[in-house]
Protein chains: 2
Amino acid sequence: MTSTEKNISPAVIKRLPRYYRYLGALKQRNITRISSKELSERMKVTASQIRQDLNNFGGFGQQGYGYNVENLYTEIGKILGLDKSNEMIIVGSGNLGQALANYRDFNESFGYKVVAMFDVNPKLIGITVNGVEVRDIDDLEDFIKHNDIKIAALTLPQDQAPKIAKSMVNWGIKGFWNFAPVDLTLPESVTVENVHLAESLMTLTYNIRSREE
Amino acid sequence: MTSTEKNISPAVIKRLPRYYRYLGALKQRNITRISSKELSERMKVTASQIRQDLNNFGGFGQQGYGYNVENLYTEIGKILGLDKSNEMIIVGSGNLGQALANYRDFNESFGYKVVAMFDVNPKLIGITVNGVEVRDIDDLEDFIKHNDIKIAALTLPQDQAPKIAKSMVNWGIKGFWNFAPVDLTLPESVTVENVHLAESLMTLTYNIRSREE
DNA sequence: TAGATTGTTAATCGATTAACAATC
DNA sequence: TAGATTGTTAATCGATTAACAATC
């Protein structure tokens, strides 16, 4: 992953998983090739955007032919880091944490693997969720270091999230999938992907209202 | 809500809930006024952007003074549709649906209220989650119509989501909070807010990789 | 009043779309 | 070869930032 790569805009990155999803669906239907034009019609974006986006990463297509579905699927998977297994932990084992542990849609499907869960609550410590044990949060440091964990889902209450996240960075975590309704301020070298559920629900109600007239 | 309003860009709308969150925090700390400059430092955006964003909706500030926190909080709440109670249903009562029903962060906090849950699974029908009964999905049409429900969280498997969503539009649903990993194609009058969890996790792994060098 | 800070216009920057030569 | 479709450059569009007159 030596970075000869130019910096790719976040807007492009955010679209990649959607391309990946569509290509996966095409693959499953045994469609072997697709042009940017046809894909653009299915996805309701411009063909130009598809070609521009993909060309950030290299010429995956062929003039006069289009793109090979299988190949493009694999290549985008590589770009997204799905070519290797991604071990992750879930910190905060309440309802949301447990739902994530059970969620088939990324677990199993794309090489993500939840290897441990953590909580402070003695009632939760020791239970097993989808085959994964909930451990005492006091064991978090050891576990991250010994197992070289890089990815953590944060499903903790808002007030606990920033402090524990800071520690986790020191222990080796490189990316947070943050569900706590708070902005984590962390070193540049660390990535945070926020899933702010309440905020997305608010934009929904805004949009409903604005269409009522 | 008569639409004298010019069309506001989605980028602006997406930022409103974050302003709202910061203002809520300021309010709780009994801070009564704030300038765009100071808010911009806390939020790590430009003061210019804050002023531009807010001015889409009217002059909430005062020259030489800044913004009244309480007032601005209330006004943004109104814009987002939080001034009235928002009743919603959850369609799909598996792990994720149940986690949402239990999730304090929007439930209770901002006037959203889950009034019913639905599922096809006989094992789930009849149970109660956080005081909300899981009903047979056959009762969905009646429930939506009789209770004038406008908002639905879709936490169904991907293959069931598009069909049921289409029916729900006919029954009166105006906005979907869609957790199924699929794009819903629905009439213009209907709003869809997607929470594509697997896709956000993929952008996380991309970003982790791209910082490794 | 003087200082501060907004609301708003103008300038810049970046992202999207269009166009087309290259080429399979 | 002729037709199709990419890769890529140029044009357009929109969003962000800078600047400053208005005004509290």
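To find a chain, count down the sequence lines: A is the first, B the second, and so on, and within it residues start at 1.
- Annotation: of the two residues near DNA chain C, A:V45 and A:Y65, the 5′-most nearest-nucleotide partner is A:V45.
- Using a cut-off of 4.0 Å between Lys/Arg side-chain N and Asp/Glu carboxylate O, A:R209 and B:D83 are scored as salt-bridged.
- Closest contact between the side chain of B:Q63 and the listed nucleotides C:dG7, C:dT16, D:dT5 involves C:dG7.
- The nucleotide C:dG14 finds its pairing partner in D:dC13, both defining distances of the Watson-Crick or G-U wobble pair being shorter than 3.5 Å.
- Between the side chain of A:T191 and the main chain of B:L204, no donor-acceptor pair closer than 3.5 Å is present.
- A:E38 is linked by a side-chain hydrogen bond (donor to acceptor under 3.5 Å, both in side chains) to A:R42, counting only residues two or more places apart in sequence or in another chain.
- Among the nucleotides D:dT16, D:dG7, C:dT16, the one closest to the side chain of B:Q49 is D:dT16.
- The shortest distance between the side-chain N/O atoms of B:R51 and the OP1/OP2 oxygens of C:dG7 is not below 4.0 Å.
- Using a 4.0 Å cut-off, no side-chain N or O of B:T46 falls inside it from OP1 or OP2 of D:dT16.
- Among the protein residues, B:S48 comes within range of the nucleic acid bases, having at least one heavy atom under 4.0 Å from a base atom.
- The aromatic rings of B:F143 and B:F118 stand perpendicular to each other, their planes meeting at an angle above 60°, with 30° marking the opposite boundary.
- Protein atom CD of B:Q52 is 12 Å distant from nucleotide atom C1' of D:dA19, rounded to whole Å.
- One atom, CD1 of A:I13, and another, P of C:dA15, lie 11 Å apart when rounded to the nearest Å.
- Looking at the side chain of A:S9, the nearest of the listed nucleotides C:dA15, C:dT9, C:dT6 is C:dA15.
- Going from atom CG of B:N56 over to atom P of C:dT9 covers 13 Å, rounded to whole Å.
- As a whole-Å value, the separation of B:N7 CG from D:dG14 P is 12 Å.
- Across the protein-nucleic acid pair, B:N55 atom CG and D:dA15 atom C1' stand 16 Å apart, rounded to whole Å.
- Base pairing of D:dA21 is made with C:dT6, judged by Watson-Crick or G-U wobble geometry with both donor-acceptor distances under 3.5 Å.
- With distances taken from any side-chain atom of A:Y67 to the nucleotides C:dT5, D:dT6, D:dT9, the minimum falls on D:dT6.
- At distances below 3.5 Å, at least one donor-acceptor pair connects side-chain atoms of B:R211 with backbone N or O atoms of A:E188.
- Per the geometry, NZ belonging to B:K37 stands 16 Å off C1' belonging to D:dA19, to the nearest Å.
- Atom pair B:I50:CD1 and C:dT5:P shows a separation of 13 Å (rounding to whole Å applied).
- Look at CG on A:L54: it is 8 Å from P on D:dG7, rounded to the nearest Å.
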